[in-house]
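A note on names: the letters A, B, ... follow the listed sequences, proteins ahead of strands, and every chain is numbered from 1. Side chains are part of it too, since the values below use all heavy atoms of this structure and drop only hydrogens, waters and symmetry mates.
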Amino acid sequence: MPELPEVNTFKRYFDESALHQKIARTTVFDDKIIRNMSGTAFEQLTQGRTFTGSYRRGKYLFARLDNGHDVLLHFGMTGDLNYYADEVDRSKYERFVFQFDNDFKLGFDCPRKFARILYLEDREAYIEEIKLGPDVLELSEEDFLVLTKKKKGSIKGFLLNQKYLAGMGNLYADEVCYQTKVHPASVVSAIPTKKRKAIYAKMQEVIRYAVDRNAYYKDYPEDWLWQWRDADAKAPDGSSVEIEKIGGRTTYSFPGWQKLYQ
DNA sequence: TGTGATGTTGAATG
DNA sequence: GCATTCAACATCAC
């Protein structure tokens with residue numbers, strides 16, 4: 001699920017449920033999901049604390065504690081949040097859970113365990129360490145044009161690289177390429193400036209649109225790519241879909257519709 | 001039953 | 001050192 005718009009929805013959910021509540025108890029069920037310490041250490045560091053705010057950058061959600069430290073929530077492929085009071089609402093895939101003073105719980109669910117949870121004393125140092133790029137919605141057109149000027153890899157691979165810009169994932173990257181009629185395998189630097197501007201604008205538009213709708217796909221326009229993302233898909237001009245690995249991910253494109261720059 | 005998945009990392013290569 | 005590629009990660013659903 002989680003690309004930038006989805007994680008933004010998680011942020012809203014987190015803010016509405018967990019903020020300003022004291023953590024009475026933290027329970028970790030899967031030690032490996034906490035990446036920089038043991039589950040026990042994580043429990044002890046978070047118990048008794050209160051969440052005071054949150055900050056999202058790309059797909060990374062940082063939950064600030066009242067001691068100035070952060071809990072980083074990265075949702076991987078299948079991460080999700082679940083705020084509940086009744087035990088019947090607990091997910092079988094809950095990997096750890098914060099229990100608050102009001103007896104409500106915020107569970108972190110993740111069937112496939114690709115999520116990454118870290119306890120961070122210094123958020124900025126961590127962002128620096130992993131070289132996380134600017135959030136898509138914070139990136140200026142000027143910076144985007146500079147970034148893309150000399151890159152020799154594919155535009156798809158570029159958009160997915162969180163070190164250049166944070167937040168694009170497999171589906172939205174395909175969507176932007178499709179809507180701008182650029183083949184995802186195009187060499188970044190070979191794409192004319194005018195077209196790179198169009199990619200920047202479409203990226204902002206698509207991500208903004210999705211964020212505004214809480215990443216609720218059913219509210220997206222019918223002519224967006226994802227809805228008919230399958231082997232029989234046809235572009236508006238009738239050309240057929242091509243499915244291949246680009247930038248390491250399964251990519252849907254229409255060679256007859258999207259121009260390949262190289 | 002085998003395959004692929006809305007993501008990231010770290011090793012390998014150029 | 002930088003850019004890029006790709007297997008590995010763990011598990012479930014179709």
Side-chain angles (χ1 to χ4, degrees), chain A residues 1-11 28-36 39 56-62 72-81 91-96 108-118 120 126-127 129-133 135-136 146-178 184-190 203 206-207 209-211 213-220 224-231 241 243-253 262:
Chain A
M1 294 168 65
E3 299 184 37
L4 189 158
E6 288 78 10
V7 177
N8 201 68
T9 299
F10 289 143
K11 172 174 161 53
V28 176
F29 301 110
D30 186 279
D31 251 44
K32 286 166 83 174
I33 211 161
I34 314 291
R35 304 293 174 141
N36 63 344
R56 183 195 58 70
R57 175 145 157 181
K59 308 169 194 172
Y60 292 71
L61 182 58
F62 299 88
L72 165 60
L73 305 173
H74 190 289
F75 297 85
M77 300 266 263
T78 56
D80 201 1
L81 295 176
S91 163
K92 64 187 279 200
Y93 302 118
E94 188 175 272
R95 303 307 178 191
F96 71 92
F108 187 95
D109 306 339
C110 192
R112 250 152 274 177
K113 298 186 179 182
F114 277 12
R116 323 181 72 80
I117 310 301
L118 283 84
L120 301 173
Y126 177 76
I127 288 172
E129 180 190 330
I130 65 170
K131 297 188 169 19
L132 184 61
D135 188 88
V136 171
V146 170
L147 268 177
T148 50
K149 194 152 183 71
K150 294 182 176 172
K151 294 285 182 289
K152 300 296 180 198
S154 68
I155 183 66
K156 173 82 184 257
F158 172 82
L159 292 173
L160 291 178
N161 190 330
Q162 307 297 302
K163 291 180 171 60
Y164 298 140
L165 65 170
M168 295 297 288
N170 199 27
L171 264 57
Y172 290 101
D174 276 7
E175 192 69 56
V176 168
C177 288
Y178 167 73
S186 295
V187 174
V188 179
S189 60
M203 186 168 70
V206 165
I207 296 294
Y209 190 95
V211 162
R213 282 156 188 77
N214 276 313
Y216 189 65
Y217 280 48
K218 290 181 177 171
D219 284 349
Y220 293 178
W224 279 22
L225 169 67
W226 76 273
Q227 308 217 33
W228 30 277
R229 204 173 178 272
D230 64 60
V241 72
I243 304 172
E244 60 191 322
K245 292 268 186 198
I246 304 176
R249 306 299 303 280
T250 301
T251 300
Y252 288 68
S253 67
Q262 53 188 350

Practice problem: Could you provide the dot-bracket string of DNA chain C, using ( ) for intrastrand pairs, [ ] for crossing pairs and | for bases paired to another strand, with Watson-Crick or G-U pairs below 3.5 Å? | Solution: .||||||||.||||
Quiz prompt | Length of the line joining Asp174(A):CG and dA5(B):C1', which is rounded to integer Å | solution = 14 Å
Practice problem: Please list, by residue number, the residues of residues 152-162 of chain A whose heavy atoms come closer than 4.0 Å to an atom of DNA chain C; answer none if no residue qualifies. | Solution: Lys152(A), Gly153(A)
Self-check item: Contacts of Glu129(A) that satisfy side chain to side chain contact (heavy atoms under 4.5 Å, CB included) - sequence neighbours left out
Solution: Tyr126(A)
Self-check item: Results of ring pair (Phe, Tyr, Trp, His ring centres under 6.0 Å) for Tyr60(A) - residues two or more places apart only
Solution: His74(A)
Quiz item: With sequence neighbours left out, which residue pairs that include part of residues 156-174 of chain A fulfil the salt bridge (charged side-chain N to carboxylate O under 4.0 Å, His left out) condition?
Solution: Lys156(A)-Asp174(A), Asp174(A)-Arg229(A)
Quiz item: So does Arg116(A) get a side-chain nitrogen or oxygen closer than 4.0 Å to the phosphate oxygens (OP1/OP2) of dG7(B)?
Solution: no
Quiz item: What residues, two or more places apart in sequence or in another chain, satisfy ring pair (Phe, Tyr, Trp, His ring centres under 6.0 Å) together with Tyr164(A)?
Solution: Phe158(A)
Quiz item: Which part of the nucleic acid does Tyr93(A) contact within heavy-atom distance under 4.0 Å: base, sugar-phosphate only, or nothing?
Solution: sugar-phosphate
Quiz item: Any side-chain N or O of His74(A) less than 4.0 Å from the OP1 or OP2 oxygen of dT8(B)?
Solution: yes
Practice problem: Write down the distance between NZ (Lys245(A)) and P (dT3(B)), rounded to a whole number of angstrom. | Solution: 13 Å
Quiz prompt | For atom CE of Met77(A) and atom P of dG4(B), their distance in whole Å | solution = 13 Å
Quiz prompt | With Glu94(A) via side chain to side chain contact (heavy atoms under 4.5 Å, CB included) - residues at least two apart | solution = Phe29(A), Tyr84(A), Arg90(A), Val97(A), Asp109(A)
Quiz item: Roughly, in whole Å, what's the span from CD in Glu6(A) to P in dA5(B)?
Solution: 16 Å
Self-check item: Rounded distance in Å - CG (Leu171(A)) to P (dG4(B))
Solution: 17 Å
Quiz item: Quick one: on DNA chain C, does Tyr164(A) or Phe114(A) contact a more 5' nucleotide (nearest heavy atom)?
Solution: Tyr164(A)
Self-check item: Partners passing side chain to side chain donor-acceptor pair (under 3.5 Å) against Arg95(A) (at least two apart in sequence or in another chain)
Solution: none
Quiz item: Taking CD from Glu129(A) and P from dG10(B), how many angstroms apart are they, rounded to a whole number?
Solution: 9 Å
Quiz item: Using atom P of each nucleotide, how far apart are dG4(B) and dC6(C) to the nearest Å?
Solution: 16 Å
Exercise. Output the distance between atom CD1 (Ile207(A)) and atom CD (Glu175(A)), rounded to the nearest 0.5 Å.
Key: 9.5 Å
Quiz prompt | Rounded P spacing from dA11(B) to dA10(C) in Å | solution = 16 Å
Quiz item: For Lys151(A), what residues pass the salt bridge (Lys or Arg N to Asp or Glu O under 4.0 Å) criterion, not counting sequence neighbours?
Solution: none
Self-check item: Listed partners of Asp219(A) passing side chain to side chain contact (heavy atoms under 4.5 Å, CB included), at least two apart
Solution: Arg213(A), Tyr216(A)
Quiz item: With sequence neighbours left out, what residues match Asp31(A) under side chain to side chain contact (heavy atoms under 4.5 Å, CB included)?
Solution: Val28(A), Ser38(A)
Quiz item: Mapping Arg112(A) and Ile130(A) to their closest nucleotides on DNA chain B, which lands nearer the 5' end?
Solution: Arg112(A)
Self-check item: Straight-line distance of Phe62(A) CZ to Leu120(A) CG, nearest 0.5 Å
Solution: 6.5 Å
Practice problem: For Tyr126(A) and dT8(B), give me the distance from atom OH to atom P, rounded to whole Å. | Solution: 10 Å
Quiz item: On DNA chain C, which is the earliest and which the latest nucleotide, 5' to 3', with an atom closer than 4.0 Å to a heavy atom of chain A?
Solution: dA3(C) to dA13(C)
Quiz item: Gly133(A) and Ala166(A): which non-hydrogen atoms are nearest, and at how many Å?
Solution: O-CB, 3.5 Å
